[in-house]
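Notes follow the structure.
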Amino acid sequence: MKIEYLHTMVRIKDLDASIKFYELLGLKERRRTDHEGGRFTLVFMCPPGQEDGRADVELTYNWDGDDALPSDSRHFGHLAYRVEDIYKKCQELMDAGITINRPPRDGHMAFVRSPDNVSVELLQMGESLPAQEPWASMENTGHW
């Protein structure tokens, strides 16, 4: 029996803030549907070059709010993306006001959180980059 990965869905509280966060990661909006009857919007985002839907994140926004959203989405686990230069990506995120929860001290792995507390793992493409400051001595902030 075959199985095919479709997407990962995360509930969000602020559509614009969440889209901006995922765009900072390098994703782009692939598809959006508004559902008048159910009063929600679905936004599918993907990395460039993967518009076939094989790596989508589905952002689900309920127009009337979502009191059921947990304050900490740790039960979810995390999303993971490979990036071309982990130091450059973390600096871009930090410059945009995103907290780097687990800095890429090893030149290989970092964790950040979306505006809705979704944990996102960033992994260096290929070999780990040589350790460099300020990352090598940066402490963890919060949890991931």
Side-chain angles (χ1 to χ4, degrees), residues 1-129 132 134-136 138-144:
M1 178 185 301
K2 290 184 178 182
I3 187 168
E4 180 181 4
Y5 174 80
L6 295 178
H7 61 264
T8 299
M9 184 277 273
V10 294
R11 292 188 187 278
I12 60 172
K13 291 182 180 181
D14 183 327
L15 185 60
D16 293 333
S18 293
I19 288 172
K20 181 179 178 184
F21 172 80
Y22 289 101
E23 286 175 343
L24 284 167
L25 285 178
L27 277 62
K28 64 182 191 173
E29 186 173 323
R30 184 177 75 78
R31 180 169 52 108
R32 178 188 296 232
T33 54
D34 292 322
H35 297 268
E36 292 283 337
R39 301 191 48 74
F40 65 93
T41 297
L42 301 179
V43 176
F44 290 83
M45 299 190 73
C46 67
Q50 295 183 17
E51 291 82 4
D52 60 359
R54 69 180 187 257
D56 280 351
V57 173
E58 174 191 324
L59 306 179
T60 299
Y61 174 69
N62 291 309
W63 301 352
D64 301 318
D66 194 343
D67 293 332
L69 271 175
S71 62
D72 182 6
S73 299
R74 295 295 296 161
H75 67 280
F76 166 76
H78 65 267
L79 301 172
Y81 295 98
R82 278 192 218 288
V83 296
E84 191 172 7
D85 183 324
I86 197 162
Y87 295 136
K88 182 177 178 184
K89 178 53 68 181
C90 285
Q91 188 64 56
E92 289 171 359
L93 292 169
M94 205 163 72
D95 290 348
I98 304 298
T99 299
I100 309 301
N101 299 106
R102 194 277 191 195
R105 290 184 292 273
D106 55 4
H108 182 72
M109 178 181 69
F111 276 88
V112 297
R113 282 182 169 260
S114 79
D116 297 288
N117 284 324
V118 173
S119 188
V120 179
E121 179 182 21
L122 303 174
L123 295 167
Q124 174 63 40
M125 286 182 185
E127 298 295 317
S128 298
L129 299 179
Q132 64 178 253
W135 312 107
M138 192 178 288
E139 296 291 322
N140 293 342
T141 302
H143 60 278
W144 59 89

Query - Spacing of Glu127 atom CD and His108 atom NE2 [to the nearest 0.5 Å] - result: 9.5 Å
Query - Between CG on residue Leu129 and NZ on residue Lys88, distance to nearest 0.5 Å - result: 12.5 Å
Requested in this report: Could you tell me which non-hydrogen atom of Gly26 sits nearest to which non-hydrogen atom of Lys89, and how far apart they are?
Outcome: N-NZ, 4.0 Å
Report summary line: To the nearest 0.5 Å, atom CH2 of Trp63 lies from atom CD of Glu36 at 4.0 Å
Query raised in the report: Asp52 side chain to Arg54 main-chain N or O, any donor-acceptor pair under 3.5 Å?
Result: yes
Report task. Please examine the side chains of Val83 and Glu92, heavy atoms only from C-beta on, and report whether any two atoms are closer than 4.5 Å. Result -> no
**Report entry** Euclidean distance, Phe111 CZ relative to Thr99 OG1, rounded to 0.5 Å
**Finding:** 15.5 Å
Report task. For residues Leu79 and Tyr22, determine if any side-chain heavy atom of one lies less than 4.5 Å from a side-chain heavy atom of the other. Result -> yes
Query raised in the report: Given side chains that start at C-beta, do those of Leu59 and Thr41 come closer than 4.5 Å, heavy atoms only?
Result: no
Requested in this report: Check each of Gln50, Glu23, Glu51 against Lys28 using the side chain to side chain donor-acceptor pair (under 3.5 Å) test, and report the only one that passes.
Outcome: Glu51
Query - Under 3.5 Å: donor-acceptor pair, side chain of Arg113, backbone of Asn101 - result: no
Requested in this report: Check whether any side-chain heavy atom of Pro115 lies under 4.5 Å from a side-chain heavy atom of Asp14, and answer yes or no.
Outcome: no
Query raised in the report: Atom CG in Leu15, atom CZ in Arg32: separation rounded to 0.5 Å?
Result: 5.0 Å
Report task. Give the minimum heavy-atom separation between Trp135 and Tyr87, together with the two atoms involved. Result -> CD1-CD2, 3.2 Å
Requested in this report: Quick one: closest heavy-atom pair of Arg11 and Met9, and the distance?
Outcome: N-SD, 3.7 Å
Report summary line: Here the pair of heavy atoms bringing Ala110 nearest to Ile86 is N-CD1, 3.7 Å
Query - Sidechain-backbone polar pair: Arg39 side chain, Asn62 backbone, donor-acceptor under 3.5 Å - result: no
**Report entry** Trace of the side-chain contact (heavy atoms from CB on, under 4.5 Å) decision for Tyr61 with Val43
**Finding:** CA-CA 8 Å; Tyr61 174 69; Val43 176; over 6 Å; no
Requested in this report: Examine distances only and state if a side-chain atom of Asp116 and a backbone atom of Val118 form a donor-acceptor pair shorter than 3.5 Å.
Outcome: no
Query - Side chains of Val10 and Ser114 in contact at under 4.5 Å (non-hydrogen atoms) - result: no
Query raised in the report: What closest approach, in Å, do Glu121 and His78 show between heavy atoms, and which atom pair accounts for it?
Result: OE1-NE2, 2.9 Å
Query - Minimum-distance pair of heavy atoms, taken over all atoms of Asp56 and Cys46 - result: OD1-CB, 3.4 Å
**Report entry** Heavy-atom side-chain contact between Phe21 and Val112 under 4.5 Å
**Finding:** yes
Report task. Report the C-alpha separation of Leu25 and Leu122 in whole Å, then their side-chain angles, then the decisive distance to 0.1 Å, and conclude whether the side-chain contact (heavy atoms from CB on, under 4.5 Å) test is met. Result -> CA-CA 9 Å; Leu25 285 178; Leu122 303 174; 3.8 Å; yes
Report task. Measure the spacing between CE of Met125 and CG of Leu123 and express it to the nearest 0.5 Å. Result -> 10.5 Å
Query raised in the report: Backbone N or O of Glu84 within a donor-acceptor pair of the Gln124 side chain at under 3.5 Å?
Result: yes
Query raised in the report: Which of parallel (below 30°), tilted (30 to 60°) and perpendicular (above 60°) describes Phe44 and His7?
Result: perpendicular
